[in-house]
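Structure first, commentary second.
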Amino acid sequence: MARPHTDGEADWERVRAAYPEQLPLLNLNNAAVSPPPLVVEQATIEAYRLVNRNPDRNMWSNLDLALPETKAELAGLIDCDPGEIALNRNSTEGLCTAIFGIPLAAGDQVVISHWDYPSVRAAWFQRQEREGIEVATADYDLMDSDDEIFEAYAAVLTPRTRVLQITHMSHWTGRVVPAKRLCRLAKDNGTLTVVDGAQTFAQMPVSFRDLDCDFFVTSLHKWMGAPVGNGMLVVREGVIDRTWPLLAPFDPPPLRVDKFDHWNLGTYNSALQAGILPAARFHREIGAAAVHARVRELTRYWVERAKGIPGFRLHTPLDTDTLGAVSLFSIDGLDARAVEQELRDEHQVHVKYREVRHLSGMRVSPHIYMRESELDRFVEALAEVVEKQRAGRT
């Protein structure tokens with residue numbers, strides 16, 4: 001597929017045709033999981049049929065032979081060495097590999113934030129309870145400036161800080177934090193960095209080398225469109241040997257990055273991994289910069305039309321180059337859960353209710369296969385729901 005232009009809706013119709021129809025709901029929750037392109041769907045189905053014809057032979061001695069090529073393709077997208085990539089099931093598994101694998105002692109400090117993914121926070125607090133490490137929290141608001149966010153992290157770093165956990169883009173609101181600056185801060189203090197890139201990889205250009213982090217984790221079934229159940233863990237060469245695997249490997253060491261790989265589960269569905277390579281190639285042909293420009297354009301498009309709805313409130317910074325597909329909004333005076341349910345039940349529009357700390361609202365995350373006309377349909381439905389619910393309240 002030739003790279004589309006980004007100067008008109010018609011230019012994206014070929015991309016649209018490469019994806020399956022989303023029925024019966026208009027899918028505005030791609031931040032959870034995106035549909036794979038049809039070429040990926042077909043490759044996965046064919047691989048699964050191949051497995052079924054002779055499972056033991058075709059999984060280990062056939063499909064798995066493509067994994068080095070798959071890692072090489074991914075390495076070109078994330079800008080790292082293929083020998084730094086492990087394949088797993090999702091971001092949570094990759095993050096837990098880093099969280100539980102980094103050697104720490106009682107009294108060592110780890111810095112997280114209130115906005116990290118819930119299971120990430122829970123994993124670090126589990127280590128605190130079991131091993132006596134200290135978990136410190138950088139306190140900031142997702143509408144704060146980059147400088148304010150940077151200073152919030154800097155304020156809690158101490159000589160005992162061993163790990164800085166960074167969520168590159170908040171899954172709550174789509175806010176992108178100054179990850180590169182924070183990685184530099186950590187490196188200057190001899191602190192390891194774990195970057196949760198579940199929402200940034202393949203949604204926007206990301207370079208592992210440029211971030212200069214120690215661990216980068218993402219889900220391949222979000223913005224890259226691999227089959228559901230695929231993730232990627234990137235581990236800096238210099239920390240591979242001293243990081244424990246989450247699952248004890250079948251083969252004896254030394255295994256290098258392979259000790260973090262999916263096959264340490266034992267038997268797994270290798271047909272799902274057969275869809276990674278065509279997904280990565282499809283994404284590369286379009287380009288991360290073009291994807292980012294498109295989803296940023298779609299976000300600004302629907303927000304511009306929705307901001308006239310009475311009580312509309314956006315909880316995502318709009319006027320920034322880091323804006324992407326993910327944003328959170330609420331309607332003053334209305335229960336976001338009730339709005340979400342009526343959008344889905346009465347208008348077949350699927351957004352995602354999110355609640356954390358003082359924030360509650362609906363997350364909207366279009367992908368490149370969506371049309372502006374579909375966002376018009378969403379905004380029209382939202383206006384109707386808001387009017388109806390306000391009338392019901394009075």
Quick one: side chain to side chain donor-acceptor pair (under 3.5 Å) partners of [X], sequence neighbours excluded?
| X | result |
| --- | --- |
| Arg181 | Asp147 |
| Glu151 | none |
| Ser119 | none |
| Glu355 | Tyr353 |

**Message:** As an exercise, state the distance from CG of Leu233 to CZ of Phe215, rounded to the nearest 0.5 Å.
**Reply:** 7.5 Å
**Request:** Report the distance from atom CD of Glu384 to atom NE2 of His347, rounding to the nearest 0.5 Å.
**Result:**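 One gets 4.0 Å once the value is rounded to the nearest 0.5 Å.
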Pairs satisfying salt bridge (Lys or Arg N to Asp or Glu O under 4.0 Å), at least one member in [range], at least two apart:
| range | answer |
| --- | --- |
| residues 309-333 | Arg313-Asp332 |
| residues 81-91 | Arg89-Glu93 |
| residues 99-113 | Asp108-Arg162 |

Between [X] (side chain only) and [Y] (backbone N and O only), is there a donor and an acceptor less than 3.5 Å apart?
| X | Y | result |
| --- | --- | --- |
| Glu372 | Leu298 | no |
| Asn264 | Asp258 | yes |
| Arg16 | Tyr369 | yes |
| Ser365 | Asn30 | yes |
| Lys71 | Ile85 | yes |

**Prompt:** Which heavy atom of Trp244 sits nearest a heavy atom of Phe260, and at what distance?
**Reply:**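 Residues Trp244 and Phe260, closest heavy atoms: O-CE2, 3.7 Å.
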**Asked** How are the rings of Phe216 and Phe208 set relative to one another: parallel (under 30°), tilted (30 to 60°) or perpendicular (over 60°)?
**Response**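 Ring orientation of Phe216 relative to Phe208: perpendicular.
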Could you pull out all donor-acceptor pairs under 3.5 Å where a side-chain atom in residues 46-56 meets a protein atom, sequence neighbours excluded?
residue	atom	partner	partner atom	Å
Glu46	OE2	Gln42	NE2	3.0
Asp56	OD1	Trp60	NE1	2.8

**Message:** Can you confirm whether Pro178 sits close enough to Ile149 that some side-chain heavy atom of one is under 4.5 Å from a side-chain heavy atom of the other?
**Reply:** yes
**Prompt:** Considering only heavy atoms from C-beta outward, does the side chain of Val364 approach that of Pro366 to under 4.5 Å?
**Reply:**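 Counting from C-beta outward, Val364 and Pro366 do come under 4.5 Å.
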**Prompt:** Who pairs with Arg337 by salt bridge (Lys or Arg N to Asp or Glu O under 4.0 Å), at least two apart in sequence or on another chain?
**Reply:** Asp335
**Single-linkage hydrophobic cluster Leu26~Val15, side-chain heavy atoms < 4.5 angstrom** = yes
**Prompt:** According to a 4.5 Å side-chain heavy-atom criterion applied to Ile, Leu, Val, Met, Phe, Trp and Tyr, with indirect links allowed, do Val111 and Ile166 form part of one hydrophobic cluster?
**Reply:**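 Both belong to a single hydrophobic cluster.
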**Request:** Name all residues meeting the side chain to side chain contact (heavy atoms under 4.5 Å, CB included) criterion together with Arg130; count only those two or more places apart in sequence or in a different chain, and write none if there are none.
**Result:**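 For Arg130, the residues satisfying side chain to side chain contact (heavy atoms under 4.5 Å, CB included) (neighbours in sequence not counted) are Gln126.
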**Prompt:** Do we see a donor-acceptor contact under 3.5 Å between the side chains of Ser91 and Ser219?
**Reply:** yes
Electrostatic pair [X]-[Y], nearest N-O below 4.0 angstrom:
| X | Y | result |
| --- | --- | --- |
| Arg209 | Asp79 | yes |
| Asp376 | Arg305 | yes |
| Lys388 | Glu346 | no |

**Within 45° cone and under 6.0 Å: Arg121 NZ/CZ vs Trp115 ring** =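 No; the conditions do not both hold, so Arg121 does not lie above the ring face of Trp115.
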**Message:** Other residues, nucleotides and ligands only: do more than 12 of their heavy atoms fall within 6.0 Å of CZ on Arg300?
**Reply:** yes
**Request:** Output every pair passing side chain to side chain donor-acceptor pair (under 3.5 Å) with a member in residues 192-202, not counting sequence neighbours, ordered by first then second residue.
**Result:** His168-Thr200, Thr193-Asp214, Gln199-Trp223
**Prompt:** If you link I, L, V, M, F, W and Y whenever their side-chain heavy atoms are under 4.5 Å apart, who else ends up in the same group as Val228?
**Reply:**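 Members other than Val228 - counting any ILVMFWY side chain reachable under 4.5 Å - are Val33.
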**Asked** Is there a side-chain hydrogen bond (donor to acceptor under 3.5 Å, both in side chains) between Glu134 and Gln128 once you walk through the steps?
**Response** CA-CA 6 Å; Glu134 176 192 337; Gln128 178 176 257; over 6 Å; no
